[in-house]
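So the structure is just underneath, and the comments pick up after that.
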Amino acid sequence: MKFDISKYVRSHLLLLSPYQSARQEYEGNEQAMILLDANENPYNSEVNRYPDPMQKELKTRISQWKGVDENQLYLSNGSDEFISQIIMACCEPAQDEIVILPPTFGMYKVAAKLHGVGIREVPLTTSFELDVSAILESVTKTSKIIFVPTPNNPTANSFDLNALETLIQKFSGIVVVDEAYVEFSSNPSTISWIKKYPNLIVCQTFSKAQGLAGARLGMAFAHSDFIAFFNRIKAPYNINSLTINAALSKIKQQDKVEEQVKQMLSERQRLEKAFASIPFIENCFPSDANFILIRLDDSNLRYQQLIENGIVVRNPSKNLNCENTLRISIGLPEENDRLIEVLKRLS
Ligand SMILES: Cc1ncc(COP(=O)(O)O)c(C=O)c1O
């Protein structure tokens with residue numbers, strides 16, 4: 001596929017010579033070599049050596065699992081890091097902007113501000129759907145990236161895939177489809193679309209269904225030229241050995257992950273049913289993720305009451321069209337029991 005990356009990324013970064021570790025020049029022979037190149041402590045422990053800068057073994061496993069080529073995959077310190085990296089890589093400070101679709105995941109705005117990049121907000125419709133024509137009418141030449149989390153956070157719904165595809169086809173910049181909750185969704189992943197659309201980057205994470213939030217590992221899937229570019233601008237050893245090992249063993253345990261996802265989805269159904277019988281809960285928005293957004297009589301009051309009962313939820317009420325809402329993660333069955341019991345008592 002013909003693709004000109006210079007259209008998308010900041011020109012000075014195209015000229016950057018990446019940091020080279022000497023070890024990269026002797027790939028594959030590390031076991032047989034005496035390693036005196038990186039000023040490490042030579043006494044063996046699990047982590048006395050620097051990790052593989054290109055995470056080859058892990059990328060091989062992930063690419064088999066996800067059905068992509070290894071050169072279409074980039075790994076980051078959680079998706080949060082990638083969100084920041086792509087803004088830094090593609091947007092000129094004080095000149096370019098990103099496009100976000102509120103109510104949306106809060107990190108896009110934070111990362112744009114961190115890099116001195118503008119933010120254009122195009123609201124979702126009142127039923128939390130993509131407004132493709134409003135987005136396309138609103139964007140300008142300086143709109144470099146649109147962030148689309150699906151399933152969306154905090155609303156928990158997935159977006160219509162036809163609408164999403166139209167957006168990717170018609171927008172001349174990059175569309176980042178953030179699939180942090182895809183394992184819980186009834187929609188398929190859009191990863192296979194990267195073969196058709198070089199302006200599409202799909203993000204997934206080990207933090208949600210995969211159960212490795214503490215390890216910090218994000219995956220970005222894109223055209224191989226994008227991936228090669230990200231590999232050139234990344235910190236040399238950005239994924240640590242402990243995380244690499246945790247992810248390798250997690251990939252082998254997908255049966256267990258699927259079982260846990262099934263359990264969470266059935267708990268989600270149980271919570272939705274229970275919420276319907278609580279008088280001060282006015283609406284329980286349809287969820288395609290491992291959390292539920294509810295609208296109630298007074299979110300600040302109910303949030304505080306839950307805290308007093310030892311339960312922490314999220315109050316996203318300051319987000320556009322989220323007045324008097326709470327966002328509740330699906331917990332363990334006994335935690336959900338306790339939540340239901342407390343809510344019933346409050347009513
Ligand atoms: C939509 C979305 N994207 C990304 C993230 C962050 O993922 P990570 O833990 O991989 O940084 C979150 C976390 O809440 C999220 O909701």
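As the structure is a prediction and not an experimental result, all values here were calculated from the model. Both ligands and their constituent atoms are indexed starting at 1 by order of listing.
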Of the backbone atoms (N, CA, C, O) and the side-chain heavy atoms from C-beta on, which set of [X] has a member under 4.0 Å from an atom of ligand 1: side chain, backbone, both, or neither?
X	answer
Ser79	both
Met107	neither
Arg216	side chain
Asp80	both

Is there side-chain contact between Cys91 and His115, with heavy atoms separated by less than 4.5 Å? no
Distance-only side-chain donor-acceptor flag, Ser317 / Asn324, under 3.5 Å: no
When you check the side-chain N and O atoms of Gln210 and Glu183, is any donor under 3.5 Å from an acceptor? yes
Same apolar cluster: Ile119 and Phe147, side chain cutoff 4.5 Å: yes
Grouping I, L, V, M, F, W and Y whenever their side-chain heavy atoms are under 4.5 Å apart, do Ile239 and Leu242 come out in a common cluster? no
Only pairs at least two apart or in different chains count here, so list each ring pair (Phe, Tyr, Trp, His ring centres under 6.0 Å) that has a residue in residues 322-347. none
Nearest heavy atom to atom 4 (C) of ligand 1 wins, so pick from Tyr181, Phe105, Tyr108. Phe105
Between Arg295 and Phe285, is NZ or CZ placed under 6.0 angstrom from the six-membered ring centre and within 45° of the ring axis? no
[X]: numbered ligand 1 atoms lying under 4.0 Å from its heavy atoms:
X	answer
Lys208	12 (C), 13 (C), 14 (O)
Ser207	8 (P), 9 (O), 10 (O)
Gly78	10 (O), 11 (O)

Can you pull out the closest protein heavy atom to atom 3 (N) of ligand 1? Residue, atom name and distance to 0.1 Å, please. Asp178 OD2, 2.6 Å
